[in-house]
A.B. asks: 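One structure, as C-alpha cells, below. Some questions next.
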Amino acid sequence: MNNKIIDLFSGAGGLTTGFHLAGFEALCAIDANKKALATYQHNYPNTKVIHQDIREVNPSELRHNLGLEREQLQAIIGGPPCQGFSRNIPAEYRYIDDPQNQLYKSFLDFVKEFKPLYVIMENVPEILTAYKGLFKYQITNQLESLGYKVISSSLNAAKYGVPQTRSRAFFVASLERLIVLPNPTHNDDIKINSKNQESYYQTNLLKSNSSPIVTVKDAIGDLPELNAGQKYDEDRYPSDPQTSYQTLIRHNSSKITNHIARALSSIQMSRVKLLKEGQDARNLPPELAPKKHYSGAYGRLYWDQPAKTITRWVFHPGSGRFFHPTQNRTITIREAARLHSYPDTFHFLGTYTEMASQIGESVPPLLAKTIAECIL
C-alpha cells in the first residue's frame, strides 16, 4: 500500500489528479457533491467513490471494507470546505461556530482511524490566521497528539508552474520525519506600471534554477478561436503545441474536450467589445459601467501574465477577470481547466455552471503534484 491514498472532500479530483501525476493511486474518494463525484468517477473509474456527507461515514467500517491495517495507507488527502474562512465570503457570513468550519474534525477522525504515514490537508490561506490562529493551532495540536510531525504554509500556485496566482494553505504531516515544503520552481518579479497601476510580471531569469512563470498565452494560446455560445467539436487539435506547458498539459490527449464558450447577454457583449486586453469595468463608459462591481469585474485577462484566481464564478464576467484576452467571450471550461493545470485528458461532466464550480472549487493539480512529490 506504499502508494495508495484516500481523498476526503474530493470534489472533481484536483488533489487526486496531482497525486496520480506523481505516481500515487486513489483507493477511495468521498464527497457530498454528486455532480462533482460523477466527474471524479469518469476520470478515475477504478477508485471507490462514496457520495455521502463525510459525517455520516464510519471511518472504522471504511477501513475494514478497504482491507487496511492502521499505518498501511500512504496518505489521506483532502480539503474540508473553506467558506467559513475565505475572504471571498462577506464578513457578516463568517463566524467561528459555522458548521462548515468544523468539518476538519471529521477529516481528523479518519486520520485517527487509518493512521496513514502522511496527511495533507488543503484550505484557503486564511485558515492559518483566522480567529487569531485558533484553527491552525487546533489542527496542528491534534495531529501532533496522534504522533505526527506537522508543517503548514501557504503556497502560491503560480510559483509552481500553474498559470494562475492562486494561494492555498497546506498542512503536511508525517509519522516519520518533518517534511520540507518545496522551494518555488517558477519565479517572477512583480512591478507596478505607473500608467494604470496594474501589476505585471517580468520573468527574472537570473534566479536559481527557476523557470519562467507560466502565462495565460503559454497555457491557452493554442486553443481554437470561438464565439460566445459556440462549442469546439473537432476530434483533433488544430495545431501543434506552442509551449512546454501546452506539451505537458496535452500529454496522452488526442483531442480537445469541454472547449465550450458560454453565451453572453446583450449588455455583456456590449461591454466586452469595448474592452482591450487587461482592461475591466473601470474602463467602460458611464452608460455601460455597472453601478457596483468586484475588483477586476468584466476584465479581460492579460496574455503575458498568469490568471488571477479561477473561482466557481468563472462563467460570469461580472465576478472577476474572466473575459478572454482578445476574443469577445468569457473563457471556456477547457481554458479554465488549463489555467487550473488540469491535463487535457481530464474530462468534466455536468452543466456549464456545474463544471465551472468543479474547477473553481478544486486544488490546481500541478500544485497538488508538488506537494505529493515532497513526501516521496
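Predicted model, so just to flag it, every value in this text is computed and none were measured. For the numbers below, each heavy atom of this structure counts, side chains included, while hydrogens, waters and symmetry mates do not.
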A.B. asks: Does a side-chain heavy-atom distance below 4.5 Å link Y104 with P81?
C.D. replies: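 With C-beta onward as the side chain, the pair stays apart.
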A.B. asks: Should K308 and Q164 be marked as a side-chain contact (heavy atoms from CB on, under 4.5 Å) after you check the CA-CA gap, both sets of side-chain angles, and the distance that decides it?
C.D. replies: CA-CA 6 Å; K308 300 295 184 184; Q164 182 187 162; over 6 Å; no
A.B. asks: Whether the side chain of N43 engages the backbone of Y40 through a donor-acceptor N/O pair (distance < 3.5 Å, no angle test) should be reported.
C.D. replies: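 Judged by distance alone, no pair lies under 3.5 Å.
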A.B. asks: Is any side-chain heavy atom of L264 less than 4.5 Å from a side-chain heavy atom of V272?
C.D. replies: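 Counting from C-beta outward, L264 and V272 do come under 4.5 Å.
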A.B. asks: Just by distance, do the side chain of E335 and the backbone of L223 share a donor-acceptor pair under 3.5 Å?
C.D. replies: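 Side chain of E335 to backbone of L223: no pair is present.
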A.B. asks: Please confirm whether R250 makes a cation-pi placement over Y237, using NZ or CZ under 6.0 Å from the six-membered ring centre and within 45° of the ring normal.
C.D. replies: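 Yes, R250 sits over the ring of Y237.
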A.B. asks: Can a donor-acceptor pair be found, under 3.5 Å and without considering hydrogens, that links the side chain of R168 to the backbone of E122?
C.D. replies: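 Checked: no pair found.
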A.B. asks: If you look at every heavy atom in T257 and H347, which pair is closest and at what distance?
C.D. replies: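 Looking at all heavy atoms of both residues, the shortest contact is OG1-CD2, 3.1 Å.
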A.B. asks: Other residues, nucleotides and ligands only: do more than 12 of their heavy atoms fall within 6.0 Å of CD on E225?
C.D. replies: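 Counting neighbours around CD of E225, 12 or fewer heavy atoms of other residues, nucleotides or ligands fall under 6.0 Å, so no.
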A.B. asks: Taking the side chain as every heavy atom from C-beta outward, state whether K48 and I50 have any atom pair closer than 4.5 Å.
C.D. replies: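 SC-SC contact between K48 and I50 confirmed.
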A.B. asks: When you check the gap from the basic side-chain N to the acidic O, do K217 and D222 get nearer than 4.0 Å?
C.D. replies: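 Salt bridge flag = no for D222 with K217.
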A.B. asks: For a quick test of reading the model, state the closest non-hydrogen atom pair linking I54 to L103 and the distance between them.
C.D. replies: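 Shortest heavy-atom contact: CG2-CD2, 4.3 Å.
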A.B. asks: Which pair of non-hydrogen atoms, one from V314 and one from A336, has the smallest distance, and what is that distance?
C.D. replies: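 For V314 versus A336, the nearest heavy atoms are CG2-CB, 4.3 Å.
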A.B. asks: Shortest non-hydrogen contact from P59 to F114?
C.D. replies: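 Scanning both residues, the minimum pair turns out to be O-CE1, 3.7 Å.
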A.B. asks: Check this for me, if you would: do E277 and R300 make a salt bridge, where the nitrogen-to-carboxylate-oxygen distance has to be below 4.0 angstrom?
C.D. replies: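 Salt bridge flag = no for R300 with E277.
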A.B. asks: Which residue in the set H316, R271, H293, R282 passes side chain to side chain donor-acceptor pair (under 3.5 Å) when paired with Y298?
C.D. replies: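 It is R271, the one option of H316, R271, H293, R282 that forms the side chain to side chain donor-acceptor pair (under 3.5 Å) with Y298.
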A.B. asks: Taking the basic N atoms (NZ, or NE/NH1/NH2) and the acidic carboxylate oxygens, is any pair closer than 4.0 Å for K136 and E126?
C.D. replies: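 Salt bridge between K136 and E126, a charged N being under 4.0 Å from a carboxylate O: no.
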A.B. asks: Might you confirm whether atom CD of E69 has over 12 heavy atoms from other residues, nucleotides or ligands at distances under 6.0 Å?
C.D. replies: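 Open.
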A.B. asks: Working to the nearest 0.5 Å, report the span between OH of Y148 and CG of L178.
C.D. replies: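 So the gap between those two atoms works out to 14.5 Å.
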A.B. asks: If you take all heavy atoms of R166 and I310, which pair is closest and at what distance?
C.D. replies: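 Smallest heavy-atom distance, with atoms named: NH1-O, 2.7 Å.
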A.B. asks: Is there a side-chain contact (heavy atoms from CB on, under 4.5 Å) between H324 and L301? Walk through the geometry before answering.
C.D. replies: CA-CA 6 Å; H324 190 278; L301 292 161; over 6 Å; no
A.B. asks: Go through it in stages, so that I can follow the logic: the residues are F346 and F348, the test is ring pair (Phe, Tyr, Trp, His ring centres under 6.0 Å), and I'd like the CA-CA distance, side-chain angles, deciding distance and then a yes or no.
C.D. replies: CA-CA 7 Å; F346 194 99; F348 293 88; 4.9 Å; yes
A.B. asks: Any side-chain heavy-atom pair from F19 and I77 closer than 4.5 angstrom?
C.D. replies: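 Yes; the side chains approach each other to less than 4.5 Å.
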A.B. asks: Rounded to the nearest 0.5 Å, how far apart are CG of L143 and CD of Q138?
C.D. replies: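 The CG atom of L143 sits 12.0 Å away from the CD atom of Q138.
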A.B. asks: Output yes when a side-chain donor or acceptor of H259 lies under 3.5 Å from a complementary backbone atom of P224, and no otherwise.
C.D. replies: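 Indeed, once roles are kept as given, a pair shorter than 3.5 Å links the two residues.
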A.B. asks: How many angstroms lie between OG in S270 and CG in L284, if you round to the nearest 0.5 Å?
C.D. replies: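 That separation rounds to 10.0 Å.
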A.B. asks: More than 12 foreign heavy atoms under 6.0 Å from OH of Y232: is that the case here?
C.D. replies: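 More than 12 heavy atoms, drawn from other residues, nucleotides or ligands, come within 6.0 Å of this atom.
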A.B. asks: Would the number of heavy atoms belonging to other residues, nucleotides or ligands and lying under 6.0 Å from CH2 of W313 be above 12?
C.D. replies: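 Check fails, neighbour count at 12 or below.
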A.B. asks: Applying the side chain to side chain donor-acceptor pair (under 3.5 Å) test to Y44, which of T17, T16, T39 qualifies?
C.D. replies: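 When side chain to side chain donor-acceptor pair (under 3.5 Å) is applied between Y44 and each of T17, T16, T39, only T17 qualifies.
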A.B. asks: Say whether, by atom type as modelled, one donor and one acceptor occur between the side chain of Q72 and the main chain of L68 under 3.5 angstrom.
C.D. replies: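 No: the side chain of Q72 does not pair with the backbone of L68.
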A.B. asks: Output, in order, the C-alpha distance, side-chain angles, deciding distance and verdict of side-chain hydrogen bond (donor to acceptor under 3.5 Å, both in side chains) for H20 and E25.
C.D. replies: CA-CA 6 Å; H20 269 246; E25 181 184 350; over 6 Å; no
A.B. asks: For H42, look at atom NE2 and say whether over 12 heavy atoms of other residues, nucleotides or ligands are found less than 6.0 Å away.
C.D. replies: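 Yes, the 6.0 Å shell around NE2 holds more than 12 heavy atoms from other groups.
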A.B. asks: Is it true that D344 and K255 make a salt bridge, defined as a side-chain N closer than 4.0 Å to a carboxylate O?
C.D. replies: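 Salt bridge absent between D344 and K255.
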A.B. asks: Go through it in stages, so that I can follow the logic: the residues are L15 and S10, the test is side-chain contact (heavy atoms from CB on, under 4.5 Å), and I'd like the CA-CA distance, side-chain angles, deciding distance and then a yes or no.
C.D. replies: CA-CA 7 Å; L15 269 174; S10 65; over 6 Å; no
A.B. asks: Calculate, to the nearest 0.5 Å, the distance between atoms SG and NZ belonging to C28 and K4 respectively.
C.D. replies: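 Answer rounded to 0.5 Å: 13.5 Å.
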A.B. asks: Using a 3.5 Å distance criterion without hydrogens, assess whether the side chain of D218 forms a donor-acceptor pair with backbone atoms of T215.
C.D. replies: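 Flag set: sc D218 to bb T215 pair under 3.5 Å.
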A.B. asks: Using side-chain heavy atoms (C-beta onward) and a distance below 4.5 Å, is M355 in contact with N258?
C.D. replies: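 They are in contact (side-chain heavy atoms under 4.5 Å apart), so the answer is yes.
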A.B. asks: Is the shortest heavy-atom distance from the side chain of F110 to the side chain of L62 under 4.5 Å?
C.D. replies: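 The answer is yes, as the side chains (C-beta and beyond) meet within the 4.5 Å cut-off.
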A.B. asks: Can any side-chain N or O of S341 pair as donor or acceptor with the backbone N or O of A337 at less than 3.5 Å?
C.D. replies: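 Flag not set: sc S341 to bb A337 has no pair under 3.5 Å.
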A.B. asks: Charged N to carboxylate O below 4.0 Å: is that the case for E113 and R70?
C.D. replies: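 Counted as a salt bridge, because a side-chain N and a carboxylate O are separated by less than 4.0 Å.
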A.B. asks: Take R236 and S254 through the side-chain hydrogen bond (donor to acceptor under 3.5 Å, both in side chains) test and state the conclusion after the steps.
C.D. replies: CA-CA 6 Å; R236 60 182 179 82; S254 60; over 6 Å; no
A.B. asks: side-chain contact (heavy atoms from CB on, under 4.5 Å) for V119 and F107? Distances and angles first, verdict last.
C.D. replies: CA-CA 10 Å; V119 179; F107 182 101; 3.6 Å; yes
A.B. asks: Can a donor-acceptor pair be found between the side chains of T345 and N252 at a distance below 3.5 Å?
C.D. replies: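 Not at all, the side chains of T345 and N252 share no donor-acceptor pair under 3.5 Å.
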A.B. asks: Taking the side chain as everything from C-beta on, heavy atoms only, tell me whether H51 gets closer than 4.5 Å to D31.
C.D. replies: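 Side-chain contact under 4.5 Å: no.
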A.B. asks: Membership question, hydrophobic clusters at under 4.5 Å side-chain separation (ILVMFWY): are V150 and L108 in the same one?
C.D. replies: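 Per the 4.5 Å side-chain linkage, L108 and V150 are co-clustered.
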A.B. asks: Please output the side-chain donor-acceptor pairs of residues 368-376 that fall under 3.5 Å, not counting sequence neighbours, one pair per line with the distance.
C.D. replies:
{"from": "K369", "atom 1": "NZ", "to": "E373", "atom 2": "OE2", "distance (Å)": "2.5"}
{"from": "T370", "atom 1": "OG1", "to": "L366", "atom 2": "O", "distance (Å)": "3.1"}

A.B. asks: Are any of the side-chain heavy atoms of S154 and L128 separated by less than 4.5 Å?
C.D. replies: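 They are in side-chain contact.
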A.B. asks: For V363 and F170, which heavy atoms make the closest approach, and how far apart are they?
C.D. replies: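 Closest approach of V363 to F170: CG1-CZ, 4.2 Å.
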A.B. asks: Could you measure the distance from the CG atom of D304 to the CD1 atom of I213? Nearest 0.5 Å is fine.
C.D. replies: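 It is 11.0 Å, given to the nearest 0.5 Å.
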A.B. asks: Are the charged groups of R321 and D280 less than 4.0 angstrom apart, N to O?
C.D. replies: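 Looking at R321 and D280, the cut-off is met.
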A.B. asks: When you measure from the side chain of H340 to the backbone of I359, do you find a donor-acceptor pair of N or O atoms at a distance under 3.5 Å?
C.D. replies: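 Yes; at least one donor-acceptor contact below 3.5 Å.
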A.B. asks: Q279: what forms a side chain to side chain donor-acceptor pair (under 3.5 Å) with it, not counting sequence neighbours?
C.D. replies: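 Partners of Q279 by the side chain to side chain donor-acceptor pair (under 3.5 Å) criterion come out as none, since no residue qualifies.
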A.B. asks: For I139, is there any backbone N or O sitting under 3.5 Å from a side-chain donor or acceptor partner on Q142?
C.D. replies: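 Checked: no pair found.
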A.B. asks: Please confirm whether the backbone N or O of E61 pairs with a side-chain atom of N65, one donor and one acceptor, at under 3.5 Å?
C.D. replies: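 The answer is yes, because a donor-acceptor pair under 3.5 Å joins these two groups.
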A.B. asks: Does Y245 have any side chain to side chain donor-acceptor pair (under 3.5 Å) partners at least two apart in sequence or in another chain, and if so, which?
C.D. replies: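 Y245 satisfies side chain to side chain donor-acceptor pair (under 3.5 Å) with no residue once adjacent residues are dropped.
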